[in-house]
Amino acid sequence: MQRANPKYFGRRGGATWLNMINHQAAGLGGKVVAGTPRDSLYVLDVLYDRDGGKRPQMIVTDTASYGDIVFGLLTLAGFAYAPQLADLPEQKMWRIDLTADYGAFQDAARGRAGQLYQRYQDGMEDQIGALGLVLNAIVLFNTRYMDAPVVQLRADGLEVGDEDVARLSPFVRHHINVLGRYSFQLPDLPGGLRPLRAPDAMQEG
């Protein structure tokens, strides 16, 4: 296996978990890839092998998931691509065959792709799938409990601006405990939301 990217892993080996979420912060899919190549090699794979959700119209990635060839591939596939780039002059393309002639891209295609050899790749992707399920549960929980006080405040006659609501994020997590064991057996719940607490109410220990 090629040496893992020292920018992220130092002198140790490692793998990358590539996640895909939509504009509502819901996870749509993920993939475990080697720590050596850029994430951009797997953008289309994750995009077409998503777990669910509607076909996205625009794809936004960070620098690690950007590649020049991705622009063309996503355009041919009918997607709008809007990468958030950093250190643009230092970007490079990846190749599998070091002896191939890439023509005008010969200088840019100076990186070599890596490969996962561990037998537990499927197990790792099962883990990221479970984490995606937990993420979606947290996002759904937070969204419902953030919407409830907004509805209540408006019902009480208080003004809550739509521009303020648009800035709320479902990624708050300090009240979430993700440690321990998970049971996926559906319990017999009474339904509905728990009572809302006043902001100045004493929190339970």
- Message: Is it the case that atom CZ in Phe105 sees more than 12 heavy atoms from other parts of the structure closer than 6.0 Å?
- Response: no

- Item | Enclosure of Arg55 CZ (heavy-atom neighbours >12, cutoff 6.0 Å) |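 Check passes, neighbour count above 12.
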
- Item | Whether Arg95 side chain and Ala109 backbone form a donor-acceptor pair below 3.5 Å |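 Present.
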
- Task: Go through Leu74 and Leu44 one step at a time and tell me if the side chain to side chain contact (heavy atoms under 4.5 Å, CB included) criterion holds.
- Result: CA-CA 8 Å; Leu74 290 180; Leu44 285 175; 3.3 Å; yes

- Six-ring centre of Tyr102, Arg110 cation under 6.0 angstrom, axis tolerance 45°: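 Cation-pi check for Arg110 and Tyr102: fails.
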
- Quick one: name the residues clustered hydrophobically with Met58, using the 4.5 Å side-chain heavy-atom rule over I, L, V, M, F, W, Y, and just say none if it's on its own.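 Direct or chained contacts put Met58 with Val60.
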
- Task: Applying side-chain contact (heavy atoms from CB on, under 4.5 Å), name anything that partners Arg154, two or more places apart in sequence or on another chain.
- Result: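 Per chain and number, Arg154 pairs via side-chain contact (heavy atoms from CB on, under 4.5 Å) with Val150, Val160, Asp162, Val165.
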
- Message: When you compare the side chain of Val43 with that of Leu73, does any pair of heavy atoms fall below 4.5 Å?
- Response: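 Contact flag for Leu73/Val43 side chains = no.
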
Side-chain heavy atoms nearer than 4.5 Å, only ILVMFWY residues, links allowed to pass through others: does that put [X] and [Y] together?
X: Met146; Y: Leu196; value: no
X: Leu28; Y: Phe79; value: yes
X: Leu18; Y: Ile59; value: yes
X: Tyr81; Y: Leu76; value: no

- Message: Looking at every heavy atom in both Ala148 and Leu193, which two are closest together, and how far apart are they?
- Response: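 In this case the closest contact between Ala148 and Leu193 is CB-CD1, 3.7 Å.
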
- Note on the structure: Closest non-hydrogen atoms of Pro56 and Leu47, given as atom of the first, atom of the second and distance, are CG-CD1, 3.5 Å

- Item | side-chain hydrogen bond (donor to acceptor under 3.5 Å, both in side chains) partners of residues 132-148, not counting sequence neighbours, each pair once | Asn142-His175

Show which side-chain atoms of residues 166-173 pair as donor or acceptor with protein atoms under 3.5 Å away, not counting sequence neighbours.
| from | atom 1 | to | atom 2 | distance (Å) |
| --- | --- | --- | --- | --- |
| Arg167 | NH1 | Glu163 | O | 3.1 |
| Ser169 | OG | Phe171 | N | 3.2 |

- Item | Non-neighbouring partners of Gln152 that pass side chain to side chain donor-acceptor pair (under 3.5 Å), sequence neighbours left out | Asp156

- Evaluate the criterion side chain to side chain contact (heavy atoms under 4.5 Å, CB included) for residue pair Asn19 and Leu135; output intermediate values, then yes/no. CA-CA 11 Å; Asn19 295 312; Leu135 170 64; over 6 Å; no

- Item | salt bridge (Lys or Arg N to Asp or Glu O under 4.0 Å) against Asp45, all qualifying residues, sequence neighbours excluded |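 Lys31.
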
